Amino acid sequence: IFFFIISLIMRYTLFTYTNILRSCEVSVPGFFQGKIDEVVLYNKALNQSEVSYRYNNGFGKEDFNFRGKPSTVFVDDDFNASTLDWGYDHFNHIQEGINAVSENGTEYVYNGTYTEQIDVTKTVYLDGENNTNTIIIGGFNISKDNTSIQNFKITKGYEWPNEAGDGPQYNGENKAGVYIKSSSFCTLSSNNICEIYGGNATNPDYEMCGGYGGIATGIYLSLASGDFYNNTINNITGGNAEFAQDIPGNGGDGMGFYLESSACNLINNNINNISGGAGGGGALTGGNGGNGIGFYLKSSTCNLTDSSIYFISGGTGGEGYYGGGSGGFGDGIWLYSCNNTIVKQCTISNITGGPGSDYGGWGGFCNGLYLYSCNFTTINQCDISNITGGPGGLGSYYDGFSGFGGIGAGINLQSTSSNIINSNNISAINGGKGGSVYGRQANPGANATGIYLQDSELTNVTSNIINFITGGAGGSGSPNGSNG
């Protein structure tokens, strides 16, 4: 194969070239006859050694791209080197497409399975073919404003490290389907985020302090803003803690959404089957179960509307010979130090506190909505039902008390001010059952309440319907049982 180069001296100082001819039959009588492999235009004359060096090392084919970055790229796990425009705007990995597309560009991803941890480091619009068969085994890490992701099925999650001070070195990994930090005006819509599991703690030498289970969440936001709508998040479970000689770790929290210092619109999202991890066992006491939470908002301002939250449960407490761990909290929505948040027309159902472990672990508390240190919040037209505190753990024979049942509440406000609660339907709220014990009196079941206010002022509570509120049954005991 012959090689032919036309070298030109051009006015421009920028060194550019492009392949403009391939596989052409050329005949120049007395000089050349054959097939031109490629033609490259330069803005300077090259000597023979420069020509040979550049050709032999592949320059002129891959070094630069005369066309510039594409504004639209296409990704399919079936694409390969035989695909037209392979490596320019056609790829088989999502990350390669992001790296190639121009800023503010679009990436279309066809059905397939993509095992990737994807870093979104430029503003881009990512569009999957559908959220059933466009599957990400991994997750997204977004660090750029105005990013949009829609129509993906995301499983297993993006791993982010435990920060300094988070606890022992044996903590489980934190996982999120989509992790967004310090990015504004992002949009996530019509995604199916599922099967995200926090890492289990390890303690191979059974040291004195055990690790905590890792956090698992569908969508994580910190110092972020945007619109998040029509997403389904399910089967999210915090990691389990491990046994320790002295101080066992707690189970990891499982959450649909985790927001911290963020401002978002959360609209028409479906959150279900979320649970905390199990607490670690201990030679002395057991660790607490992780919390199961549909939406967890901390120091954030949001509009949370038209969403469904159901089948949320706290994790089981870990067993300890001298005291069992408590079950984790179960909360449909947990607002912590939030102001000016609106929760409207949400359905919250089948929320349960985690069971306390044997040897006297308390049942986990359970709330449809839990507000702590929140002001100017509106809760309106929500349907809250089947909220049940966790059961207390069994007592040890003769010498150990059983656990108290967990409190159940439709709406629970603590240390709040100037909130509005109106036109909500609250029903089937149940306190947890007290644990049983033999050889002494068992502990009682827990209270249940439709709306509970503690250290809260200037709360406007109007036009709510509350019915079927049931306290938890007392534990069985010998010679005496306990009160409900």
Side-chain angles (χ1 to χ4, degrees), residues 139 154-160 162 166-167 171-179 191-201 211-222 228 231-242 249-260 266 269-280 287-298 307-318 325-336 348-357 363-370 387-390 406:
I154 304 168
T155 70
K156 306 308 178 187
Y158 177 89
E159 179 182 332
W160 83 92
N162 288 313
D166 272 0
N171 289 348
E173 304 88 358
N174 299 324
K175 298 285 188 68
V178 181
Y179 179 87
N191 297 291
N192 177 9
I193 303 174
C194 59
E195 299 175 10
I196 310 292
Y197 307 114
N200 294 331
Y212 289 76
I215 295 170
T217 182
I219 298 174
Y220 175 101
L221 297 100
S222 176
F228 303 84
N231 299 287
T232 297
I233 300 176
N234 58 70
N235 293 320
I236 312 294
T237 304
N240 298 328
E242 182 56 278
N250 297 330
D253 293 340
M255 293 170 281
F257 275 82
Y258 180 110
L259 283 76
E260 185 171 359
L266 307 170
N269 295 289
N270 185 326
I271 313 297
N272 65 85
N273 289 291
I274 312 295
S275 58
N288 297 329
N291 302 316
I293 307 168
F295 288 87
Y296 178 73
L297 281 63
K298 180 179 179 181
S307 293
S308 299
I309 306 112
Y310 53 98
F311 295 117
I312 312 295
S313 60
T316 302
S326 296
F329 288 9
D331 291 297
I333 299 172
W334 184 344
L335 307 180
Y336 183 91
I348 304 169
S349 183
N350 291 289
I351 316 296
T352 58
S357 76
F365 291 9
C366 183
N367 305 283
L369 289 98
Y370 178 47
I387 312 298
T388 304

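Along the sequence shown, the residues carry numbers beginning at 1. Nothing here was measured: the structure is a model prediction, and the numbers come from that model.
In terms of the side chain to side chain donor-acceptor pair (under 3.5 Å) criterion, Thr155 has no residue partners (sequence neighbours excluded). Scored by the side chain to side chain contact (heavy atoms under 4.5 Å, CB included) test, Asn240 finds Asn200, Ala278 as partners (sequence neighbours excluded). For Tyr296, the ring-ring contact (aromatic ring centres under 6.0 Å, His included) partners are Tyr258, Trp334, not counting sequence neighbours. Remark: Asn231 engages Asn191, Asn269 in a side chain to side chain donor-acceptor pair (under 3.5 Å) (not counting sequence neighbours). In this structure Ile215 satisfies the side chain to side chain contact (heavy atoms under 4.5 Å, CB included) test together with Trp160, Asn174, Met255, sequence neighbours excluded. The side chain to side chain contact (heavy atoms under 4.5 Å, CB included) test applied to Asn234 returns Asn192, Cys194, Thr232, Asn272, not counting sequence neighbours.
Asn288 places no side-chain N or O within 3.5 Å of a backbone atom of Gly317 that could act as its donor or acceptor partner. Although no hydrogens or angles enter the test, the distance criterion places no donor-acceptor pair under 3.5 Å between the side chain of Asp253 and the main chain of Gly276.
Considering only heavy atoms from C-beta on, Leu266 comes within 4.5 Å of Phe295 through its side chain. Contact annotation: the side chain of Ile219 approaches that of Ile193 to within less than 4.5 Å [non-hydrogen atoms, C-beta and beyond]. Side-chain contact between Ile312 and Thr352 is absent, with no heavy-atom pair separated by less than 4.5 Å. Using a 4.5 Å heavy-atom threshold, the side chains of Ile293 and Phe329 count as separate.
Here the closest heavy-atom approach between residue Gly256 and residue Ile233 is recorded as O-CD1, 3.5 Å. Nearest heavy-atom pair across Ala241 and Ala201 is CA-CB, 4.0 Å. Listed here is the closest heavy atom pair of Asn171 and Tyr212: OD1-N, 2.8 Å. Here the closest non-hydrogen pair linking Gly177 and Ile154 is O-CG2, 3.6 Å.
In this structure, CD1 on Ile348 lies 9.5 Å from OG on Ser308, to the nearest 0.5 angstrom. The CD atom of Glu195 sits 9.0 Å away from atom CD1 of Ile236, with the distance rounded to the nearest 0.5 Å. Note that OH of Tyr370 is 15.0 Å distant from CD1 of Ile333, once rounded to the nearest 0.5 Å. Note that the CD1 atom of Ile271 and the CD1 atom of Ile309 stand 7.0 Å from one another [nearest 0.5 Å]. Between the CD atom in Glu173 and the CD atom in Glu159 there is a gap of 4.5 Å [rounded to 0.5 Å]. From Cys366, atom SG reaches atom CG of Asp331 across 6.5 Å, with rounding to the nearest 0.5 Å.
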